[in-house]
**Q** 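What follows is a structure written as C-alpha cells; I'll ask about it next.
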Amino acid sequence: MKKFLTATVLSAAALTLAACGGDDASGETKGELTVGGKNFTEQFVLAKITSLYLEENGYTVDEATNMGSEVLRQALESSQVDLYWEYTGTGLVNYLGQDPVASSEEAYNIVKETDAEENAIEWLDMANLNNTYTLMMQQEAADDLGISSVSDLAEYVNSNPGELTFASNAEFASRADGLAGVEETYGFEFGDANIVRMDSGLTYQALNDAQVEVAMGFSTDSRILGFDLLALEDDLGFFPAYNAAVTVRSEVLEEHGELEELLAPLAELLDTETMSELNYLVDIEQQNESEVAKEWLVENGLIEE
C-alpha cells in the first residue's frame with residue numbers, strides 16, 4: 001500500500017465513549033468537546049483523526065461513535081455531541097427533506113445555508129471526499145452476465161425476475177435516495193423476497209462469499225478493490241453527492257471561534273482517494289483505526305509523533 005496522499009436520543013447499545021486529554025502550550029485545556037461518528041469504518045477513522053487533532057491542539061475530547069445517522073444527528077441537535085463528519089446528501093435528503101442533488105457544490109451550499117438558518121448547525125469546509133452509494137457485483141459474475149451499469153442490472157432483473165439476491169443495510173433499503181429511488185429511476189424491482197438486510201460492513205463479505213449476487217456499498221470503501229468487486233456505473237446519475245464536512249452546532253462554534261480555521265486542513269487534505277487508502281488499511285490490512293489516524297496526521301504534519 002502506497003504512502004498516504006499529502007496534498008435528545010442516544011441508544012446505549014450504539015454509543016461508544018473514549019476520553020482523551022488535551023492541553024495547550026500553557027498546560028490548560030481549551031475546553032471539552034464530544035466528537036461523534038457513525039457505525040462504519042470511514043466514520044470511525046474520521047472521528048479518530050478529528051479527536052487526535054483536537055487533542056493535539058489543546059482540547060479535552062470525548063468520542064461518541066458507532067451510531068446510525070438519525071441517532072447521531074439527534075445527538076448533535078440535543079447537545080450530546082458537539083461535532084461530527086456528515087455527508088451533504090444525507091443532510092439534504094434525510095434532515096432537510098429536500099430532493100437529492102448531484103452537484104457537490106450545489107448540495108453543499110444548500111445544506112450549509114439551510115441548516116444554519118433553520119437548525120443552528122454549521123457546515124464547515126467541504127472535503128473533496130464523495131462517499132456516495134454504489135451497487136456492486138463480483139467482477140467475474142458481472143462479466144459473465146454482461147452487466148457493467150445499473151441500467152444493465154435493471155434490464156437483467158426485468159428479464160430474469162427473482163434470480164438475483166440483493167444485500168442492503170436497513171437504512172439504504174428505506175431511504176428515498178436508496179433502493180426505492182434506484183428502482184424507480186431505473187425501472188426495475190428486486191422484490192422483498194430477494195432483499196437480504198444486514199449491517200453495512202457485511203454486504204461486501206456476503207457478496208465476496210457469493211451469498212448474494214448484488215449488494216449496496218459506499219464508493220470510498222476499499223473492499224471494492226480488495227475483494228475484486230465491480231461498482232456498477234450509475235449511468236443515469238441517480239446517486240447524489242455525499243461530500244463530507246464537519247457539522248457543528250452554532251453555539252459551539254461561537255464558544256470556540258478557532259474551530260473553523262483549525263479544522264480546515266483536515267477538509268483540505270481528505271479526498272476520496274486518501275479516504276479509500278485509510279479504509280483499506282483498516283478493513284483489508286486489519287490495522288487499528290487509531291494507529292491509522294495517527295499515522296496519517298503525523299505524515300501530514302498535523303500532529304507530532
Side-chain angles (χ1 to χ4, degrees), residues 8-23 29-91 94-95 111 115-116 119-125 127 129 131 169-171 199-201 218 220 242 244-256 258-260 262-263 266-267 270 275 278-279 282-283 288-294 296-297 302-303:
T8 307
V9 180
L10 284 179
S11 168
L15 179 61
T16 302
L17 287 174
C20 309
D23 300 313
T29 181
K30 293 180 179 178
E32 297 183 3
L33 293 172
T34 299
V35 174
K38 303 187 186 186
N39 53 359
F40 53 93
T41 296
E42 179 165 303
Q43 283 277 309
F44 292 137
V45 174
L46 286 172
K48 186 60 67 174
I49 284 174
T50 307
S51 297
L52 291 173
Y53 181 63
L54 288 172
E55 179 188 1
E56 179 79 4
N57 283 277
Y59 288 90
T60 299
V61 180
D62 286 336
E63 289 180 26
T65 61
N66 202 31
M67 287 183 276
S69 294
E70 297 291 342
V71 174
L72 183 52
R73 171 69 175 207
Q74 291 173 22
L76 182 68
E77 292 175 347
S78 62
S79 303
Q80 294 170 313
V81 163
D82 294 313
L83 57 95
Y84 75 95
W85 287 84
E86 186 54 272
Y87 302 96
T88 53
T90 302
N94 286 52
Y95 309 144
V111 294
D115 233 356
N119 304 306
I121 291 176
E122 307 288 342
W123 289 67
L124 305 188
D125 290 354
L129 189 177
N131 188 12
N169 66 11
E171 191 169 311
D199 290 342
S200 301
F218 301 97
T220 58
Y242 282 87
V246 171
T247 55
V248 55
R249 295 194 316 281
S250 299
E251 62 182 359
V252 174
L253 203 57
E254 290 171 3
E255 182 179 355
H256 304 286
E258 71 166 355
L259 280 179
E260 184 167 13
L262 179 64
L263 293 172
L266 300 185
L270 286 165
M275 199 71 242
L278 298 175
N279 292 337
V282 176
D283 286 327
N288 181 276
E289 60 245 18
S290 296
E291 291 303 314
V292 169
K294 181 179 179 181
W296 181 82
L297 287 163
L302 296 175
I303 68 173

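If you read the sequence from its start, that first residue is 1, and numbering goes on from there.
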**Q** Hey, does Leu270 have a side-chain heavy atom less than 4.5 Å from the side chain of Leu278?
**A**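 They are in side-chain contact.
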**Q** State, yes or no, whether a side-chain contact exists between Glu86 and Lys38 at a heavy-atom distance under 4.5 Å.
**A**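 When only atoms from C-beta onward are counted, Lys38 and Glu86 do touch, with a gap below 4.5 Å.
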**Q** Is Leu54 close to Leu263 at the side-chain level, that is, under 4.5 Å between some pair of heavy atoms?
**A**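 Touching, per the 4.5 Å side-chain cut-off.
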**Q** Out of curiosity, Ile303 CD1 to Glu55 CD, how far, rounded to the nearest 0.5 Å?
**A**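 One gets 8.5 Å once the value is rounded to the nearest 0.5 Å.
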**Q** Provide the closest heavy-atom pair for Ser79 versus Glu251 in the form atom of the first, atom of the second, distance.
**A**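 Closest approach of Ser79 to Glu251: OG-OE2, 3.4 Å.
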**Q** Report yes or no: do Thr29 and Thr60 form a side-chain donor-acceptor pair below 3.5 Å?
**A**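 Yes, a side-chain donor-acceptor pair sits under 3.5 Å.
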**Q** Side-chain contact test, heavy atoms from C-beta onward, threshold under 4.5 Å: evaluate it for Tyr95 versus Glu77 and give yes or no.
**A**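 Tyr95 does not reach Glu77 side chain to side chain.
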**Q** Measure the OH-CG distance between Tyr84 and Leu72 for me, rounded to the nearest 0.5 Å.
**A**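 Answer for the OH-CG pair, Tyr84 versus Leu72, is 4.5 Å.
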**Q** Parallel, tilted or perpendicular: which one describes the rings of His256 and Tyr59, with boundaries at 30° and 60°?
**A**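 The rings of His256 and Tyr59 stand perpendicular, inter-plane angle above 60°.
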**Q** With no hydrogens and no angle check, is any side-chain donor or acceptor of Arg249 less than 3.5 Å from a backbone partner on Asn119?
**A**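 Side chain of Arg249 to backbone of Asn119: no pair is present.
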**Q** For Ala245 versus Leu124, what's the shortest heavy-atom pair and its separation?
**A**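 Where Ala245 meets Leu124 most closely, the heavy atoms are CB-O, 3.7 Å.
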**Q** Tell me, do Arg73 and Ile121 make a side-chain contact under 4.5 Å, heavy atoms counted?
**A**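 Yes, side chains in contact.
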**Q** So, for Thr34 and Ala64, which heavy atoms are closest and what is the spacing to 0.1 Å?
**A**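 Taking every non-hydrogen atom into account, CG2-CB, 4.0 Å.
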**Q** Do any N or O atoms from the side chain of Asp199 and from the backbone of Gly201 form a donor-acceptor pair under 3.5 angstrom?
**A**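 Checked: no pair found.
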**Q** For Asn131 and Ala244, indicate whether the former's side chain and the latter's backbone hold a donor-acceptor pair under 3.5 Å.
**A**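 Flag not set: sc Asn131 to bb Ala244 has no pair under 3.5 Å.
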**Q** What's the spacing between Lys30 NZ and Glu255 CD if we round to 0.5 Å?
**A**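 These two atoms lie 13.5 Å from each other.
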**Q** More than 12 foreign heavy atoms under 6.0 Å from CD of Glu32: is that the case here?
**A**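 For Glu32, atom CD is not crowded (no more than 12 foreign heavy atoms under 6.0 Å).
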**Q** Which heavy atom in Leu76 sits nearest to a heavy atom in Val248, and how many Å separate them?
**A**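 Reported closest heavy-atom pair: CD1-CA, 4.5 Å.
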**Q** What distance do Asn57 atom CG and Leu262 atom CG have between them, rounded to the nearest 0.5 Å?
**A**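 That separation rounds to 4.5 Å.
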**Q** Please check: side-chain N/O of Gln43 versus main-chain N/O of Trp85, any donor-acceptor pairing under 3.5 Å?
**A**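 Checking the backbone N and O of Trp85 against the side chain of Gln43, a donor-acceptor pair under 3.5 Å is found.
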**Q** Mind running side-chain contact (heavy atoms from CB on, under 4.5 Å) on Glu70 and Asn94 for me, showing each step along the way?
**A** CA-CA 8 Å; Glu70 297 291 342; Asn94 286 52; 3.4 Å; yes
**Q** Please enumerate all residues that pass side chain to side chain donor-acceptor pair (under 3.5 Å) together with Ser200, with sequence neighbours excluded.
**A**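 Partners of Ser200 by the side chain to side chain donor-acceptor pair (under 3.5 Å) criterion, ordered by chain and then number, come out as Asn169.
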**Q** Donor-acceptor pair, distance only, cut-off 3.5 Å: does the side chain of Lys294 make one with the backbone of Leu52?
**A**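 Answer holds: no.
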**Q** Got Glu122 and Val252 here, is their nearest side-chain heavy-atom distance under 4.5 Å?
**A**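 Result no, sub-4.5 Å side-chain heavy-atom pair not found.
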**Q** Would you indicate whether the side-chain heavy atoms of Asp62 and Asp82 approach each other to under 4.5 Å?
**A**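 Heavy-atom side-chain distance check fails, nothing below 4.5 Å.
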**Q** Minimum heavy-atom separation for Ala47 and Gly37, please, with both atom names.
**A**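 Result for this residue pair: CB-CA, 4.5 Å.
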**Q** Return the CG to OH distance between Leu302 and Tyr53, rounded to the nearest 0.5 Å.
**A**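 The distance works out to 5.5 Å.
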**Q** Considering only heavy atoms from C-beta outward, does the side chain of Leu46 approach that of Met275 to under 4.5 Å?
**A**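 When only atoms from C-beta onward are counted, Met275 and Leu46 do touch, with a gap below 4.5 Å.
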**Q** Looking only at non-hydrogen atoms, find the nearest pair between Leu253 and Glu260 and report the distance.
**A**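 Smallest interatomic distance, heavy atoms only, reads CD1-N, 4.0 Å.
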